[in-house]
Amino acid sequence: MARIWHRTFQDFFSIRRLWLFPLLAGFFWFLTLTILIVRWLSIGRPRYPGQMNPSVPFVSDIAAQTFKPVFVVGCAATGVSFFGAVFAVHHVRYSPRFYGLADDAPWRQTTSLVALVAGLAAAVSLVFLSIFDTDDAHVRHRHLLMGTFGGLFVSAVTTTAVWWDQIWGPTVFKGLRKWCLFNTFLVVCQFGCGVAFVALMYNGYYKSSGILEWCLTYLGSFWLASFVGFTMFREGYEPITEEEDERQPLLV
């Protein structure tokens, strides 16, 4: 059962460019959201048909209207790059050409595969979510929304579990711990926003829930971009652990 991940996915491409996936995923999602909210503000903050929230429309409310093509293209670009980001952040862990933990515990490598499958499910759900909007296919849109959030949740939790040893373990790669902490902090913030959003929405506090949904989705763009810190490779240098760095001569 050793080298589960490495036997499944070989280094058939340059791992020095994998950081582009999380960067593009965060950028595409941030840009899509910004275009939607700026468009809504620029035309006088209209209230759309079927909009439950009288003050702040949900993302799906704006996306279902005149800017639907932008939302479809943005979700497609985000979905593809998100799946690439999930693959990248797990592949660099086990690749002998990066962190080199190919003989990591089998449960971690299996968990990485679960994260990858959940990421694929979230990406596919996000693309179809943008196509079947809340106006024309309300029930299907809601199911796809649940699929997207469910896939994101499983992918985020499993990825955090895989990299948890680099937060509290005795050996961490130089410069990696701060990114693991930042990423985990964003996961906790998103979970808190998500729980509050659902609780407020189902209790009729639509204005607060609308604001929280936008906060939650924007946090997602920063969460995606934070994986750049996991996957950025310094040209000309091998990954060095802090313990190895400490064993270097004090005088050179």
Side-chain angles (χ1 to χ4, degrees), residues 3-6 9 11 15-27 29-30 78 81-119 122-123 151-195 215-235 237-247:
R3 294 175 175 260
I4 299 172
W5 182 279
H6 186 60
F9 305 104
D11 287 328
I15 60 173
R16 286 173 169 79
R17 300 292 177 264
L18 288 178
W19 60 271
L20 288 172
F21 283 113
L23 179 65
L24 290 174
F27 172 75
W29 188 234
F30 184 92
T78 302
S81 51
F82 168 69
F83 178 69
V86 176
F87 173 80
V89 77
H90 290 276
H91 187 70
V92 295
R93 181 182 179 93
Y94 308 114
S95 172
R97 296 166 56 195
F98 209 102
Y99 294 118
L101 301 176
D103 294 317
D104 206 355
W107 74 264
R108 282 202 183 93
Q109 300 188 52
T110 303
T111 303
S112 290
L113 293 174
V114 173
L116 187 64
V117 173
L152 287 170
F153 176 76
V154 173
S155 182
V157 170
T158 50
T159 299
T160 302
V162 167
W163 288 96
W164 190 257
D165 63 322
Q166 300 302 318
I167 296 177
W168 299 110
T171 303
V172 289
F173 290 89
K174 188 175 182 180
L176 178 60
R177 172 170 286 186
K178 63 177 180 290
W179 288 105
C180 292
L181 286 169
F182 180 57
N183 184 271
T184 303
F185 170 74
L186 290 176
V187 170
V188 173
C189 288
Q190 290 178 94
F191 179 76
C193 280
V195 172
C215 292
L216 175 62
T217 50
Y218 267 110
L219 276 173
S221 66
F222 292 107
W223 172 66
L224 291 170
S226 69
F227 286 122
V228 171
F230 292 67
T231 55
M232 179 69 77
F233 192 89
R234 295 183 299 253
E235 292 288 345
Y237 293 90
E238 293 296 326
I240 302 175
T241 64
E242 289 181 354
E243 289 185 352
E244 290 175 351
D245 191 46
E246 290 171 358
R247 289 196 293 267

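This one's a predicted model, so the numbers in the text were calculated from it and none came from an experiment. Here, residue 1 is the first one in the sequence, and each next residue gets the next number.
A side-chain donor-acceptor contact under 3.5 Å links Thr110 to the backbone of Pro106. When atom types are taken as modelled, the side chain of Trp29 and the backbone of Thr217 share a donor-acceptor pair closer than 3.5 angstrom.
Here the closest heavy-atom approach between residue Ser112 and residue His90 is recorded as OG-ND1, 2.8 Å. Minimum interatomic distance between Cys180 and Thr184 (heavy atoms only, all atoms of both residues): O-OG1, 2.8 Å. Phe227 and Pro22 get closest at one heavy-atom pair: CB-CB, 3.6 Å. Looking at every heavy atom in both residues, Ala115 comes nearest to Val86 through O-CG1, 3.6 Å. Smallest separation of non-hydrogen atoms from Trp179 and Gly175: CD1-O, 3.2 Å.
More than 12 heavy atoms of other shown residues, nucleotides or ligands fall within 6.0 angstrom of atom OH in Tyr218. The number of heavy atoms from other shown groups lying within 6.0 Å of CZ (Phe230) is above 12.
Listed by chain and number, the residues in a side-chain contact (heavy atoms from CB on, under 4.5 Å) with Ala105 are Trp107, Arg108 (sequence neighbours excluded). Residues meeting the side-chain contact (heavy atoms from CB on, under 4.5 Å) test with Val154, sequence neighbours left out: Val114, Ala118, Thr158.
If you take CG on Leu23 and CG on Leu18, they are separated by 12.5 Å, rounding to the nearest 0.5 Å.
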